Amino acid sequence: RWSLSDHTIGKDPQAVRTGQRQNRGMRTRLGCLSHKSDSYNDFTAILPDKPNRALKRLSTEEATRWADSFDSLLSHKYGVAAFRAFLKTEFSEENLEFWLACEEFKKTRSTTKLASKAHRIFEEFIDVQAPREVNIDFQTREVTRNNVQEPSLSCFDQAQGKVHSLMEKDSYPRFLRSKIYTDLLTQTQRRLS
């Protein structure tokens, strides 16, 4: 028997890490294939709280407000959970995960952590063949690559803006028509009667 460490002796460590990231990304993508569904139950399974308690706290008005604007949806933790469940059905949850990672990154106060977090986000979402690569144009990718060399809290702003716009124009309208969202509204309205 041989192990991965036996197989990688004499190979460039950076190439090995890149190959491992690519393998993880492929496993993630393949794993999603067996979970494709557009059901309300999939949404309740990933709620931040226990599903029944969470849904009791979610009002019809709040859920309806998500249809007013994409930012209203993103500002509500259950809205984010419902949108994430929907994006999983379309195999595009990396867009939301990147957007959320950028929001978290902007809260970084330690300059020593800033560089490591920036490189981790870049390698996970922006770099070519990243495990959860987002769909951005070459120019935005290169601007972001340069920004990460000397990271600041705004180094992902352009890429994050592109991904936000893509989700708002593409995925968000489909989410509002999805079974996940319509079932959720029905459930909150049923509670009132």
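Predicted, not measured: the structure shown is a model, and the values here were computed from it. Note that these values count all heavy atoms, side chains included, but never hydrogens, waters or copies made by symmetry.
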Asp137 and Thr140: side chain donor to acceptor below 3.5 Å:
yes
Evaluate the side chain to side chain contact (heavy atoms under 4.5 Å, CB included) criterion for residues Arg141 and Gln158: first the C-alpha distance (whole Å), next the side-chain angles of each, then the deciding distance (0.1 Å), finally the verdict.
CA-CA 9 Å; Arg141 188 178 318 279; Gln158 186 177 354; over 6 Å; no
To the closest 0.5 Å, what do you measure between CG (Leu184) and OG1 (Thr188)?
6.0 Å
Hey, what's the ring geometry for Phe98 with Phe156, parallel, tilted or perpendicular (30° and 60° as the breaks)?
perpendicular
Side chain of Ser154, backbone of Asp157: donor and acceptor closer than 3.5 Å?
no
For the pair Glu142 (side chain) and Phe138 (backbone), establish whether a donor and an acceptor sit closer than 3.5 Å, ignoring hydrogens and angles.
no
In Å and rounded to the nearest 0.5 Å, what is the CD to CG distance from Glu168 to Asp170?
11.5 Å
For the residue pair Leu185 and Ala63, what are the closest heavy atoms and their distance?
CD2-CB, 3.6 Å
So how far is it from Phe70 CZ to Phe175 CZ, rounded to the nearest 0.5 Å?
9.5 Å
Would you call the rings of Tyr78 and His76 parallel, tilted or perpendicular if under 30° counts as parallel and over 60° as perpendicular?
tilted
Smallest separation among heavy atoms of Ser171 and Phe86, with atom names:
O-CE2, 3.5 Å
Are Arg120 and Glu123 within salt-bridge range, i.e. N to O under 4.0 Å?
no
In terms of hydrophobic clusters joined by side-chain contacts under 4.5 Å, are Val143 and Leu114 together?
no
Closest approach of Leu74 to Val80 (non-hydrogen atoms, all atoms of both residues):
O-CG2, 3.4 Å
Donor-acceptor pair between Lys117 and Thr108 side chains, under 3.5 angstrom
yes
With sequence neighbours excluded, tell me which residues meet side chain to side chain donor-acceptor pair (under 3.5 Å) with Ser116.
none
Check: Gln139/Lys162 side-chain N/O donor and acceptor closer than 3.5 Å
no
Determine whether the side chains of Ser69 and Ser72 contain a donor N or O and an acceptor N or O closer than 3.5 Å.
yes
Looking only at side chains, do His164 and Asn95 share a donor and an acceptor under 3.5 Å apart?
no
Leu73 vs Met167, test: side chain to side chain contact (heavy atoms under 4.5 Å, CB included). Steps then yes/no.
CA-CA 12 Å; Leu73 174 73; Met167 289 189 298; over 6 Å; no
Can you name the nearest heavy-atom pair linking Trp66 to Gly79, along with the distance?
CZ2-N, 3.2 Å
Restricting to side chain to side chain donor-acceptor pair (under 3.5 Å), what partner residues turn up for Thr182, sequence neighbours left out?
none
Atom CZ of Arg145 and atom CG of Asn147: how far apart are they, to the nearest 0.5 Å?
11.5 Å
Side-chain touch Glu90/Arg174, heavy atoms, less than 4.5 angstrom
yes
Are more than 12 heavy atoms from other residues, nucleotides or ligands located less than 6.0 Å from atom CG of Asp71?
yes
On a heavy-atom basis, which atom in Phe125 and which in Ala101 lie closest, and how many Å separate them?
CE1-CB, 4.1 Å
To check you understand the geometry: which heavy-atom pair defines the closest contact between Glu124 and Ala130, and what is its length?
O-CB, 3.3 Å
Take a 6.0 Å sphere around NZ of Lys106 and say whether it holds more than 12 heavy atoms from other residues, nucleotides or ligands.
yes
From Ile126 atom CD1 to Arg132 atom CZ, the distance as rounded to the nearest 0.5 Å:
12.0 Å
Rounded to the nearest 0.5 Å, the CD atom of Glu62 sits from the OG atom of Ser75 at a distance of 9.5 Å
hydrophobic_cluster_shared for Ile136 and Leu166, side chain cutoff 4.5 Å:
no
